[in-house]
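One structure is given below, encoded as structure tokens.
In what follows, chains are A, B, ... by sequence order, proteins preceding strands, each numbered from 1. For clarity, every value in this text was computed on a predicted model and none was experimentally measured.
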Protein chains: 2
Amino acid sequence: MKRLSPSLEDYLEAAYTLGLKDGFPRACAISRRLKVSKPSVNSAVKALAARGLLEHEKYGYIRLSPAGLRAGAEISGRHLLLKDFFIAVLGMDGAEAERDACRAEHALSSGALRRLGELAVFLKAPPRRRLLRAARAAMSGKKAV
Amino acid sequence: MKRLSPSLEDYLEAAYTLGLKDGFPRACAISRRLKVSKPSVNSAVKALAARGLLEHEKYGYIRLSPAGLRAGAEISGRHLLLKDFFIAVLGMDGAEAERDACRAEHALSSGALRRLGELAVFLKAPPRRRLLRAARAAMSGKKAV
DNA sequence: TAATAAAGTTAGTGTAGACTAACTATAGCA
DNA sequence: TGCTATAGTTAGTCTACACTAACTTTATTA
């Protein structure tokens, strides 16, 4: 499967998160959320359908396929991880964090994201436990991020 | 001044860093560094010249303007900051860090980058000083990142 | 059930940014 | 001084991804 463009990732992510809320994502809801025109949604949906990430009957439902659900969850997860990092670790405000997460979610490798998540967990842990964990990591020879 | 696209930022950054090394950046050096064709460089250079970021006489020199130097230094700084963060804080290897920095440098706000840099400084400081600094920050009422 | 509002589609346009092919200019050297 | 390699340019093409205008379908409701 060829890598999705940032733009298609945005559409798929929107479809996924809207689907979680309302059962089935509507094209016009995606249009409103991403602030793009309906024809833009239409062609993006076609492109996603062509890759087997969703099904789309004319004038009808948009339904994410299993692969689409997986990919959507993955992208949405990246977004949430980054937003949490920006707020909880960097102390950014919600709107700023949201904006940066939207853009950075397409730019970072999975390795960087994983490490970022681990760093957030480490820094958010209460001092005692943090120390304990670092000590244990040191003992086991694992690098304590 | 309208915001540069990621693509134009890449060209300007390349021109800036090549200029640091060789005096004046050559178009074909940019072409090699970014692995794009010469015509791509040519049109990007025109676009940057149109914004007053560099001067470009036909078949001749590319010379960054003061504004171009400033912008180039800023972009290059973002890149270095991110790469350092990825290596020194996240423990990524050089090549991976380089790749991620290339892409993330266009995505993060200046606020996020500043905080990321401060976090790196904080985490890299030796424990004693780190503690001291946190304590002082606490005493002065400033948030200790 | 017919009118209307909302949703979705089609067709056509524009811009950014990449490419190749083919040309022109400049520089280095025999 | 002229040949050749390298650098730079022009013209034309392609893809992605936005848009508007105008149309069709579906849903709502008087």
Side-chain angles (χ1 to χ4, degrees), chain A residues 1-15 18-19 21-64 68 71 75 99 102-103 105-107, chain B residues 1-15 18-19 21-64 68 71 75 99 102-103 105-107:
Chain A
M1 173 59 61
K2 232 173 43 189
R3 191 181 159 76
L4 290 179
S5 66
S7 168
L8 287 184
E9 284 192 351
D10 283 335
Y11 285 104
L12 184 59
E13 182 187 5
L18 287 167
K21 220 186 309 178
D22 308 333
F24 289 112
R26 302 300 307 265
C28 71
I30 298 175
S31 163
R32 278 189 295 271
R33 159 175 289 230
L34 298 181
K35 299 189 203 313
V36 296
S37 68
K38 293 183 293 164
S40 297
V41 176
N42 196 258
S43 63
V45 162
K46 276 178 185 165
L48 293 170
R51 290 162 190 260
L53 297 174
L54 51 81
E55 277 170 30
H56 155 248
E57 49 183 303
K58 245 191 161 180
Y59 295 102
Y61 287 113
I62 291 175
R63 226 184 299 258
L64 296 201
I75 299 165
R99 237 180 304 124
C102 274
R103 292 191 290 149
E105 72 188 41
H106 309 296
Chain B
M1 174 58 61
K2 232 170 48 190
R3 193 181 158 75
L4 291 179
S5 68
S7 169
L8 287 185
E9 284 192 349
D10 283 335
Y11 285 104
L12 184 57
E13 182 187 5
L18 288 168
K21 220 185 308 175
D22 308 330
F24 290 111
R26 303 298 309 262
C28 70
I30 298 175
S31 164
R32 278 190 294 271
R33 161 174 288 230
L34 298 181
K35 299 187 204 313
V36 296
S37 68
K38 293 183 293 164
S40 297
V41 175
N42 195 259
S43 63
V45 162
K46 277 179 184 166
L48 293 171
R51 290 162 191 260
L53 296 173
L54 52 79
E55 276 170 30
H56 157 248
E57 48 184 306
K58 246 191 162 182
Y59 293 103
Y61 286 115
I62 292 175
R63 221 185 302 259
L64 296 202
I75 298 164
R99 236 180 306 122
C102 273
R103 291 190 293 149
E105 72 189 40
H106 308 296

With rounding to the nearest 0.5 Å, note down the distance linking [atom1] in [X] to [atom2] in [Y].
X: Glu9(A); Y: Leu48(A); atom1: CD; atom2: CG; answer: 10.5 Å
X: Leu34(B); Y: Glu13(B); atom1: CG; atom2: CD; answer: 8.5 Å
X: Arg26(A); Y: Leu18(A); atom1: CZ; atom2: CG; answer: 11.5 Å
X: Ser5(A); Y: Leu12(A); atom1: OG; atom2: CG; answer: 10.5 Å
X: Asp10(A); Y: Arg103(A); atom1: CG; atom2: CZ; answer: 11.5 Å

Atom-pair distance ([atom1] on [X]; [atom2] on [N]), nearest Å:
X: Phe24(A); N: dA7(C); atom1: CZ; atom2: P; answer: 18 Å
X: Ile62(A); N: dT26(D); atom1: CD1; atom2: C1'; answer: 15 Å
X: Lys58(A); N: dC23(D); atom1: NZ; atom2: P; answer: 16 Å
X: Tyr59(A); N: dT10(C); atom1: OH; atom2: C1'; answer: 8 Å
X: Tyr61(A); N: dA27(D); atom1: OH; atom2: C1'; answer: 12 Å

Is Arg26(A) close enough to dA6(C) that one of its side-chain N or O atoms is under 4.0 Å from OP1 or OP2 there? no

dT10(C) phosphate, OP1 or OP2: any side-chain N/O from Lys46(A) under 4.0 angstrom? yes

In B/S/- notation (B base, S sugar-phosphate only, - none; protein heavy atoms under 4.0 Å), nucleotides 11-20 of chain D written 5' to 3' is ------SSBB

Would you please name every residue forming a side chain to side chain donor-acceptor pair (under 3.5 Å) with Ser43(B), sequence neighbours left out? none

